[in-house]
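Have a look at the structure below before the remarks.
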Amino acid sequence: LLASSAASDVYKRQEQVPLSVSAAMNIKTLKILIIPFLLAVMLGGTYLMPRRGEVQDSSISMDLPTGMNPSGWHGTRRQESEQERGILAPDTEFSKADYVQELPISLDATETVPVLCRVSIVKSGHDLNNSIHRPERCLPAQGHFNLTGTTVDVPVKGRGTIRMTKLKSQQNIAPDHPQPVILDNMHYYVFIGHRHMTEDHLIRTLMDMKDRVLHGMDQRWCYFQISTTYGDKIRVPEEKAREQTERLISQLLSQLVKWDELNR
């Protein structure tokens, strides 16, 4: 009996060895075939994607107003720089203006100080990848440093609040002078497409991918940016600069954005 049992165990072990080898070979074959299979599925899926449709325009007007009385703002149109033209695609569109409002230094003083807000709307061309980008990329080229960013909710008249990215930076406005003149700045920006509005560049990219794959649609994006200088050197407190900047954002976006087209 013992001999018979031992022989049976040896026979079972002999049966198990080829099965293990066979299973290992099957797994190895599967690993070799899985990459070509996935590539074939991905390539085949391109035939199921919708054809590219017409490019849908951004839902914001490029026509920045130059007079906003009785709100107290006076606007002056500004031309984009050669550097901006050189960096972005040739069919990128620009609309820029500087807004100034005189504010009293204090409640008791008759002297006023100007608050300057520089507004830019940049619209992507047909080359969507090279037309607009995050302001974080271009501000350092303009001499800004120590950039820090946060997300803020800004009230817009009659539209609740919108989410924007807010950057703080410093800038030496006298780079050729031996004694630097450094000013503090705040910048607000938001991306506005045909149906979407977002403060985040990555979300904007994902929205583009979704629209192209599921709807066969591209949308031209604008970014709306507003920058304000503040600090002791120009006698504009940070809180006053923030308050006036957000007030101007409300006034401009309530007029310029085609809110009925957005699906935020």
So, for C117 and W73, which heavy atoms are closest and what is the spacing to 0.1 Å? SG-CH2, 3.8 Å

Check the orientation of H201 and F191. Use parallel for under 30°, tilted for 30 to 60°, and perpendicular for over 60°. tilted

Honestly curious: do I182 and L139 fall in one hydrophobic cluster under the side-chain, below-4.5 Å linking rule? no

Out of curiosity, M197 CE to R163 CZ, how far, rounded to the nearest 0.5 Å? 13.0 Å

Under 4.0 Å between a Lys/Arg side-chain N and an Asp/Glu carboxylate O for E199 and R204? no

Measure across E136 and L147 and return the closest heavy-atom pair with its distance rounded to 0.1 Å. CA-CD2, 4.1 Å

Does some side-chain heavy atom of K168 sit less than 4.5 Å from a side-chain heavy atom of H144? no

Between T228 and L116, is any pair of side-chain heavy atoms under 4.5 Å apart? no

Main-chain N/O of V181 paired with N172 side-chain donor or acceptor, under 3.5 Å: yes

State yes or no: do L206 and Y223 share one hydrophobic cluster built from I, L, V, M, F, W and Y residues joined by side-chain heavy-atom distances below 4.5 Å, directly or via other members? no

If you take all heavy atoms of I249 and F224, which pair is closest and at what distance? CG1-CE2, 4.3 Å

Are the side chains of T92 and F94 in contact, using a 4.5 Å heavy-atom criterion? yes

Return yes if some donor-acceptor pair links the side-chain N/O of S254 with the main-chain N/O of K157 below 3.5 Å, else return no. no

Atom CD of Q142 and atom CG of N185: how far apart are they, to the nearest 0.5 Å? 10.0 Å

With a 4.5 Å cut-off on side-chain heavy atoms, are C222 and M62 touching? yes

Validation row: K258, I60 side chains within 4.5 angstrom (heavy atoms): no

Will you find, in the side chains of S227 and Q225, an N or O donor that is under 3.5 Å from an N or O acceptor? yes

The reported gap from CE in M186 to CG in L167 (rounded to nearest 0.5 angstrom) is 11.5 Å

Does the pair R220/E93 count as a salt bridge with the N-to-O cut at 4.0 Å? yes

Would you be so kind as to tabulate the donor-acceptor pairs closer than 3.5 Å made by side chains of residues 97-104, with sequence neighbours excluded?
| residue | atom | partner | partner atom | Å |
| --- | --- | --- | --- | --- |
| D98 | OD1 | R78 | NH1 | 2.5 |
| D98 | OD2 | R118 | NH1 | 3.2 |
| Y99 | OH | P65 | O | 2.4 |
| Q101 | OE1 | Q244 | NE2 | 2.3 |
| Q101 | NE2 | S71 | O | 2.6 |
| E102 | OE1 | T112 | OG1 | 2.9 |

From OG (S61) to CG (L253), nearest 0.5 Å: 11.5 Å

Does D57 offer a backbone N or O that forms a donor-acceptor pair with the side chain of H194 under 3.5 Å? yes

Does some side-chain heavy atom of T165 sit less than 4.5 Å from a side-chain heavy atom of D200? no

Check this for me: does any side-chain nitrogen of one of E238 and R242 sit under 4.0 Å from a carboxylate oxygen of the other? no

How long is the span from the CD atom in E261 to the CZ atom in R195, to the nearest 0.5 Å? 11.5 Å

Report the C-alpha separation of E239 and Y230 in whole Å, then their side-chain angles, then the decisive distance to 0.1 Å, and conclude whether the side chain to side chain donor-acceptor pair (under 3.5 Å) test is met. CA-CA 9 Å; E239 182 58 26; Y230 66 93; over 6 Å; no

Criterion side chain to side chain donor-acceptor pair (under 3.5 Å) on S169 and Q171, from CA distance to verdict: CA-CA 7 Å; S169 71; Q171 183 186 29; over 6 Å; no

Determine, step by step, whether V257 and I162 satisfy the side chain to side chain contact (heavy atoms under 4.5 Å, CB included) criterion, reporting the C-alpha distance in whole Å, the side-chain angles of both residues, the deciding distance to 0.1 Å, and the verdict. CA-CA 12 Å; V257 174; I162 65 168; over 6 Å; no

When you measure from the side chain of T161 to the backbone N and O of D153, does any donor-acceptor pair fall under 3.5 Å? no

Side chain to side chain contact (heavy atoms under 4.5 Å, CB included) evaluation trace for T150 with T148: CA-CA 7 Å; T150 57; T148 58; over 6 Å; no

Residues forming a side-chain contact (heavy atoms from CB on, under 4.5 Å) with D232, sequence neighbours excluded: none

What I'd like to find out is whether the side chain of H74 reaches to under 4.5 Å of the side chain of T76, using heavy atoms alone. yes

Rounded to the nearest 0.5 angstrom, the CD-OG distance for Q79 and S81 is 9.5 Å

What one should report as the nearest heavy-atom pair of I234 and T229 is CD1-O, 3.4 Å

Compare all side-chain heavy atoms of Y189 with those of P135 and state whether any distance is below 4.5 angstrom. yes

Given the rule in the salt bridge (charged side-chain N to carboxylate O under 4.0 Å, His left out) test, do D91 and K123 qualify, once you have shown the distances and angles that lead to the verdict? CA-CA 9 Å; D91 58 348; K123 181 187 289 188; over 6 Å; no

Are L183 and F145 connected in the hydrophobic side-chain network, where two residues link if heavy atoms are under 4.5 Å apart? no

